[in-house]
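Data block below; observations after.
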Amino acid sequence: MVETYLRTLEAQPEGGPYTILDERILEDEEGWYFPYQSTSFVMTGNFSDSLVGNWPIFFRHSDSYIGPHRPGMALPPLQN
């Protein structure tokens with residue numbers, strides 16, 4: 001599901017390709033945070049290829065919400 005969401009980001013104008021940074025995935029009581037970065041930056045380390053200011057993709061345990069979110073910030077309301 002997170003990969004599918006990432007592909008929708010890639011399909012936007014100025015989008016992708018992107019890579020999830022597996023070693024930086026976090027989990028808390030609400031869900032998982034999947035940081036991502038441009039594939040070019042991951043492969044080359046060239047700062048001009050990096051994404052700046054992008055929020056991790058968040059997957060909430062309770063209702064499978066997927067979207068941008070940073071740890072410690074208010075979450076969107078639960079979806080039924």
Side-chain angles (χ1 to χ4, degrees):
M1 292 175 71
V2 172
E3 287 283 342
T4 300
Y5 182 83
L6 190 63
R7 299 300 160 247
T8 64
L9 296 177
E10 290 177 339
Q12 294 178 5
E14 310 285 327
Y18 302 131
T19 298
I20 291 175
L21 305 175
D22 292 332
E23 68 280 2
R24 295 196 174 183
I25 295 171
L26 299 174
E27 182 179 11
D28 68 12
E29 64 279 351
E30 297 288 335
W32 292 277
Y33 297 87
F34 295 85
Y36 65 97
Q37 188 52 261
S38 77
T39 301
S40 178
F41 176 74
V42 171
M43 296 180 76
T44 67
N46 186 345
F47 186 74
S48 65
D49 293 332
S50 68
L51 298 175
V52 178
N54 59 312
W55 290 26
I57 299 168
F58 177 70
F59 180 87
R60 185 166 37 203
H61 298 167
S62 59
D63 63 354
S64 300
Y65 165 84
I66 297 177
H69 181 67
R70 290 193 182 207
M73 298 188 76
L75 286 166
L78 287 172
Q79 299 174 4
N80 295 330

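Fair warning: this is a prediction, and the values are worked out from it, not measured in the lab.
Among the candidates L21, L26, D22, the single residue satisfying the side-chain contact (heavy atoms from CB on, under 4.5 Å) test with R24 is L21.
Note that CZ of R7 is 13.0 Å distant from CD of Q12, once rounded to the nearest 0.5 Å. Put simply, NE2 on H61 and CD on E29 are 9.0 Å apart, with the number rounded to the nearest 0.5 Å. Taking CD from E10 and CD from E3, the interatomic distance works out to 8.5 Å, rounded to the nearest 0.5 Å.
Hydrophobic cluster membership of F59, counting Ile, Leu, Val, Met, Phe, Trp and Tyr whose side-chain heavy atoms lie under 4.5 Å apart directly or via other members: M1, V2, Y5, L6, L9, Y18, I20, I25, W32, F34, Y36, L51, I57, I66.
Taking 4.5 Å as the limit, some side-chain heavy atom of R60 sits within range of a side-chain heavy atom of D63.
Taking the side chain to side chain donor-acceptor pair (under 3.5 Å) definition, one finds that S38 meets it with nothing, sequence neighbours left out. Taking T39 as the reference, T19 meet the side chain to side chain donor-acceptor pair (under 3.5 Å) condition, with sequence neighbours excluded.
Residue E23 qualifies as enclosed at atom CD: its count of foreign heavy atoms under 6.0 Å is above 12.
Aromatic ring orientation, Y65 versus F58: tilted (interplanar angle from 30° to 60°).
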